[in-house]
Amino acid sequence: MAFQITKAVIPAAGLGTRFLPATKAMPKEMLPVVDKPAIQYVVEEAVAAGLKDVLMITGRNKSALENHFDRVGELEAALERKGDTVRLQKVNYSTELAEVHYLRQGDPLGLGHAVLRARMHVGNQPFAVLLGDDLIDERDPLLTRMLQVQAERNASVIALLEVDPSQAHLYGIATVEAADARTAGDDDVVRITGLVEKPAEGTQLSNLAIIGRYVLRPEIFDILDRTEPGKGGEIQLTDALETLAADPSIAGGVYGVIFRGRRYDTGDRLDYIKAIVQLAVERRDLGPDLRPWLKQFSSTLD
Ligand code: G1P
């Protein structure tokens, strides 16, 4: 299915303080998840959904990102000399994966500000935003589904995940109502009636959390431009989306796609370790040896 949307924006300017000292001199997006940097999974996901034009919003100390998606002549020549075509292919794959552009965020004013920086590149067309802390399993093509819903409803679309109420304060939380069904199998689509960025612990708004995938209409830029700093003193994308959701006459409002597939959080250390184990267990080259070892190891834990 062909979509008119071609551009993906990946905010990657964060300092990665939760992973210090690993991130002292290296961007957190380059932390390996098994044997690939986290950022490559995200770019692969965008490309798999047909979005080959990728804009990364970066900052200081992020040159490793540019190097990763660029040629590395010396290494390529060395692998060629050795006839190591398998590794050469791995090296070239990330170079040729997408058309990657880079823009520095400048002032670290929050996710909303990072997205607003994409305005000149994106222009007046809908676009996707992918946050690097959330990895979506390639077997569960969430972004493709969101692009489809965006095309059907000509609105903005966010990804939602049902979370335990005790976790709600870690996310943007959505209140929703049923959306009019457009096609059979539309039961994963809801209309957003309200959004709150990281509500105080114990607030019971809903159990639907925003995960880091958005397909946005360009009207979001004007709204972001007017959005005052919110939670943490930062310009929040969630707050701008709340404004958009409140008045569907501006740009069709906001819809949510409830994701029931496999998602791996790499945002903090514990989740990152879990993500690596989950992904490695499923790998054909590593899983068969890792699985029995894990079972044996876990039996020693008590
Ligand atoms: C961001 C968003 C939040 C969303 C989360 C998903 O927060 O602001 O609404 O729920 O990503 O990962 P962050 O985790 O970057 O603080």
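Just so it is clear, the structure is predicted and the values come from calculations on it, not from any experiment. Keep in mind that the numbers below use all heavy atoms, side chains included, and drop hydrogens, waters and symmetry copies. Whatever order the structure lists ligands and atoms in, that order sets their numbers, starting from 1.
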Side chain, backbone, both or neither: which part of Asp134 comes within less than 4.0 Å of ligand 1 when only heavy atoms are counted?
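For Asp134, only side-chain atoms sit under 4.0 Å from ligand 1.
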Within the 3.5 Å criterion, strictly below it, is a donor on [X] or [Y] matched to an acceptor on the partner's side chain?
| X | Y | answer |
| --- | --- | --- |
| Glu234 | His113 | no |
| Glu44 | Gln40 | yes |
| Thr175 | Ser206 | no |

Considering residues, nucleotides and ligands other than Glu66, do more than 12 of their heavy atoms fall under 6.0 Å from its CD?
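Counting other residues, nucleotides and ligands, CD of Glu66 exceeds 12 neighbours.
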At a 4.0 Å cut-off, with the gap strictly under it, does some heavy atom of Asp133 reach an atom of ligand 1?
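The answer is no, since Asp133 has no heavy atom less than 4.0 Å from ligand 1.
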Can Lys231 be said to touch ligand 1, with heavy atoms closer than 4.0 Å?
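Lys231 does not count as a contact of ligand 1 under the 4.0 Å cut-off.
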Ligand 1 N/O within reach of [X] N/O, cut-off under 3.5 Å:
| X | result |
| --- | --- |
| Glu197 | yes |
| Thr238 | yes |
| Gly172 | yes |

Considering all protein heavy atoms, does one lie under 4.0 Å from atom 12 (O) of ligand 1?
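Given the 4.0 Å limit, the answer for atom 12 (O) of ligand 1 is yes, a protein heavy atom qualifies.
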Per atom 5 (C) of ligand 1, closest listed option by heavy atom (Leu161, Asp265, Leu195, Ile210):
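Among Leu161, Asp265, Leu195, Ile210, the closest heavy atom to atom 5 (C) of ligand 1 belongs to Ile210.
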Pair Arg283 + Asp289: basic N to acidic O under 4.0 Å
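A salt bridge is absent here (no side-chain N lies under 4.0 Å from a carboxylate O).
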So which heavy atom in the protein is nearest atom 1 (C) of ligand 1, and how far is it from that ligand atom?
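Result: Leu131 CD1, 3.9 Å.
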What is the closest protein heavy atom to atom 7 (O) of ligand 1, and at what distance does it sit?
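Scanning the protein heavy atoms, the shortest distance from atom 7 (O) of ligand 1 goes to Lys198 NZ, 3.3 Å.
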Decide whether Ile211 and Leu237 are clustered together by the hydrophobic rule: side chain heavy atoms of Ile, Leu, Val, Met, Phe, Trp, Tyr closer than 4.5 Å, transitively.
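As far as the 4.5 Å side-chain criterion goes, Leu237 and Ile211 are not connected within one cluster.
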Centroid-centroid distance, Tyr214 to Phe127, less than 6.0 Å
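Distance test on ring centres: not under 6.0 Å, no.
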